[in-house]
Amino acid sequence: MVRVEGKNFLNTSSLVCAFGVAKTDAFFIDEGVVECETPALPEAQRLASHSLPVNVPLMISNNGHDFAPAGLFVYHETPEIISIVPSLGTAFTDIAIQVKSRLGWVEKVSCLFGNAIVTASVTSGYTLHCQSPSYDTNNEPDLVDVLISYNGVDFFGDGFTFKYTSSPLIYSLSSVIEITAVSVSSSEITCMVPAHGKGTVPLKLVLYDPDTVLETYYDQSILEYDFIPPIVISSVTPSFGSMRGESKLKIEVNSVPHFEQRTLEHLYCIFGGVEVTRAKVEEATISCITPVSNTTGTVSLELGFVAYYDDEMKVTLLSSLGAQFHFTQQPSIDSMFPLRGPSKGGSIVTLSGSNLLPVYNTTTRCLFGSKPARVVFVSNEEVKCISPDEENGMSEGLEVKVSINGVDYHRAPSLFNYDDEAIVRTVYPSHGSIRGGTTVNLTVTGIGRTHVSDGEPLLCVVGSDEVYGRWLDDETISCNTPSSLMEMTVMVSVKYADVYAMSLASFTFIEDPIISSFYPDSLPAVGFSTTAIDIFGSGFGDTPNLMCVYASSLPSTDFLDKNHHVVQHEHMIYHNETYIQCPNPPSMDLFFSDTNTSWANNTTLLDEAMIELSLKVGDDLLANIAIKVHPVAFVISVYPKSGPRAGGSRVIVEGENFLKTVHLACKFGDHIGDAQYLSSTKVLCTSPRLPSGFGSVVLPVTIANNGVDFSTSAQEAWFEFHEALVVREATSVNGLSSGAPL
């Protein structure tokens, strides 16, 4: 579970986390904290990365669509312990744990002894050190499981334990320890040093005669020998450097012993058991300079006393095995682009070269002069840094340097200069499809085609992608957006020659909407009352600059008085993500003069008429639909011409241009009745129920082929609603079979 802290988190059902392209539910804690359960790393991404660890962007969204970056999340292999040395001891014992996978990228490592967590340190590519915690002999078991974690939360281990033992007690120590020399020559005596406690002891050389049991001193002078506690190296910074040497190492140890001056001059760092450089004690650490190495690779790093006798190096090791240093190829920077940027900073400066990728997951650093700069991308051939703001008025000739191990800096071959700001102020349109291809126009100040030389590529930088652009005028650049994997908002900038423009404008990638239905789906050629087309579907966004584009067309015939293709733009009306409206649909009379009306009922002509409605952002087509055009319906007569106010009368309506559609409707005045299509000239209507009242009412009868736009009617096309007929009494209840007048 990953804890993310920020602000403005909302407790909604759409609150999600995204690890790269993989989305997972987010758990709302409060408006400043959410927790995300990590999904499995997609297999395709694992294969594309070749090996772990893999960095993926972690993002949070309140609505499942608009994501805010939260940083990088590292997928790594499950920690696997190979060995623990020592596996028993007292509290605060320094323990070396060797693991299977390289630890160079790990920033936070912990050990778990039973239920107690302690901080660990990485001392080499495969070794970490931690100290056994305090232990209650009365209430806690003396054998505890040992686990490790790379993030301080998830602990792993398999069967490795640590056993607490009692501290040894020394009751007495002989004041004199005699040892026999292991070799003697005319110029040298070699002795094996015995075990001894910390401190300085006298050292005498004697000749022992076993026959007389007499001891004769070679020299009456007394030498001194310093016994120093074993040194445990807890960390080495940096842990890697160039094979050319000259890297200054800072070596952290469990405790820095007190060295007498006579021994301090013999203190050395020993690389790979062969190469040595003099070590220095600096406050609480030990430092040394790396030697030149003939090859790249990892070597052991130890501390010890070194002396030379007859050109032979004698080494006394002071530290335990485990610390390592990695020699790499010499990093080099061959070029830098751009060479200039605005005084407020913000330019992405690319330094190109070789061997620029850190061996371990250390922080690559950039310096502009003496001012640190943020690093946004690192590969073996490139490092990208964001230029800081101008330093103390020094706008000309700043050195730019890069360090991949945090200590050794490498200079770019050119100097960086600050200029007045080049700024991208607006982007239009500001939204477009994730498929890419949206043509956008950028308004740019502080740069123009008169200020730069020909031959340099003009690039629009959309997020982290670069696409070619072209000048429209001295302050306007046009380019087509790249594609995007998801909906997101990115900054848009411009890179031209050695100028990188600061951006005040952004572009939002949106999903293409899906249209499931629209109403009405047809329109009469003229005289309709529809004010908007209702569109239903999914994925509609409240997007500025989203236009409804009507493209009306008729075949080119002698009927036309004007162009046979007309385009009309209207602003979309947004309601919610499933419902929008496109207002002001066009009428076909825009194709004809006011005096030409013969076309309105030309079925052959209107069968080929079409209104295409497109949803666009700029020139970017998101979706489109087709609206049919039909002749204008007209009601001539109605039979029968009256019926009860209770409704239900079956009424035959005769006229012209009736269509068999699902939206066919009859209207009596303002009251809608059911309609049944019989033919293009006849419709069967059911009169609606009118509100209760007194007397009769005469209402016009009209027909709508699309359920919205009702026809005009002839003067005789009316229907009278009257009170229901009520029979109270008959005066005669019998009569002749032949009938008879009353």
Can you list the steps and then say if V276 with C269 is a side-chain contact (heavy atoms from CB on, under 4.5 Å)?
-> CA-CA 5 Å; V276 299; C269 292; over 6 Å; no
Ionic contact status for E246 with R244, cut-off 4.0 Å | no
If you measure from CD on E382 to OG on S335, what distance do you get to the nearest 0.5 Å?
-> 8.5 Å
Y468 versus L458: any side-chain heavy-atom pair under 4.5 Å?
-> no
For the pair T481 (side chain) and T438 (backbone), establish whether a donor and an acceptor sit closer than 3.5 Å, ignoring hydrogens and angles.
-> yes
Test of ring centre spacing under 6.0 Å for F325 and F240 = no
Here the gap from T443 atom OG1 to I423 atom CD1, rounded to the nearest 0.5 Å, amounts to 12.5 Å
Any salt bridge between K248 and D408, counting N to O under 4.0 Å?
-> no
How many angstroms lie between atom OG1 of T508 and atom CD1 of I434, to the nearest 0.5 angstrom?
-> 13.0 Å
How far apart are the C-alpha atoms of L301 and Q324, what are their side-chain angles, what is the distance that settles it, and do they pass the side-chain contact (heavy atoms from CB on, under 4.5 Å) test?
-> CA-CA 5 Å; L301 173 58; Q324 293 178 321; 5.9 Å; no
Working for side chain to side chain donor-acceptor pair (under 3.5 Å), residues T476 and N441 | CA-CA 6 Å; T476 308; N441 293 334; over 6 Å; no
Heavy-atom closest contact (M59 atom, P69 atom, distance) | CG-CA, 3.9 Å
With side chains defined as the heavy atoms from C-beta onward, is the minimum distance between I477 and L472 less than 4.5 Å?
-> no
All side chain to side chain donor-acceptor pair (under 3.5 Å) counterparts of S287, not counting sequence neighbours = E282
Non-hydrogen side-chain atoms of E275 and I270 separated by less than 4.5 Å = no
Could you walk me through whether V402 and Y409 pass the side-chain contact (heavy atoms from CB on, under 4.5 Å) test, one step at a time?
-> CA-CA 5 Å; V402 171; Y409 281 87; 5.8 Å; no
Evaluate the side chain to side chain donor-acceptor pair (under 3.5 Å) criterion for residues S332 and S354: first the C-alpha distance (whole Å), next the side-chain angles of each, then the deciding distance (0.1 Å), finally the verdict.
-> CA-CA 6 Å; S332 65; S354 58; 2.9 Å; yes
Beyond-backbone contact of D66 with T489, side-chain heavy atoms, under 4.5 angstrom | no
Count the heavy atoms of every other residue, nucleotide or ligand shown that sit under 6.0 Å from NZ of K250, and state whether that count exceeds 12.
-> no
For residues S247 and G241, report the shortest heavy-atom separation together with the two atoms involved.
-> OG-CA, 4.0 Å
So do S239 and N405 actually touch side chain to side chain, heavy atoms under 4.5 Å?
-> no
Any chance the side chains of S14 and N63 put a donor and an acceptor closer than 3.5 Å?
-> no
Can you find a pair of side-chain heavy atoms, one from R425 and one from E475, that are under 4.5 Å apart?
-> no
Please report the closest heavy-atom contact between L459 and E466, naming both atoms and the distance.
-> CD1-OE1, 3.5 Å
Say whether T328 and T296, considering side chains only, have a donor N or O and an acceptor N or O under 3.5 Å apart.
-> no
Output the distance between atom NE2 (H129) and atom CD1 (I233), rounded to the nearest 0.5 Å.
-> 8.5 Å
Pair K7 + E31, salt bridge at N-O below 4.0 Å | no
Whether S614 side chain and K616 backbone form a donor-acceptor pair below 3.5 Å = no
Decide yes or no for V490 and F509: does some side-chain heavy atom of the first lie under 4.5 Å from some side-chain heavy atom of the second?
-> yes
If you take all heavy atoms of V378 and L356, which pair is closest and at what distance?
-> CG1-O, 3.8 Å
Take F271 and L249 through the side-chain contact (heavy atoms from CB on, under 4.5 Å) test and state the conclusion after the steps.
-> CA-CA 12 Å; F271 294 82; L249 304 187; 3.8 Å; yes
Distance-only donor-acceptor check, side chains S235 and E252, under 3.5 Å = no
Separation between OG of S61 and CZ of F9, rounded to the nearest 0.5 Å | 11.0 Å
Which atom pair, heavy atoms only, marks the closest approach of I251 to C288?
-> CD1-SG, 4.0 Å
Minimal non-hydrogen separation, G64 against V16, with atom names = CA-CG2, 3.7 Å
Atom CD of E37: over 12 foreign heavy atoms under 6.0 Å = no
Side chain proximity check, V4 to I60, heavy atoms < 4.5 angstrom = yes
Look up atom CZ in F19 and atom SG in C36, then write down how far apart they are to the nearest 0.5 Å.
-> 5.0 Å
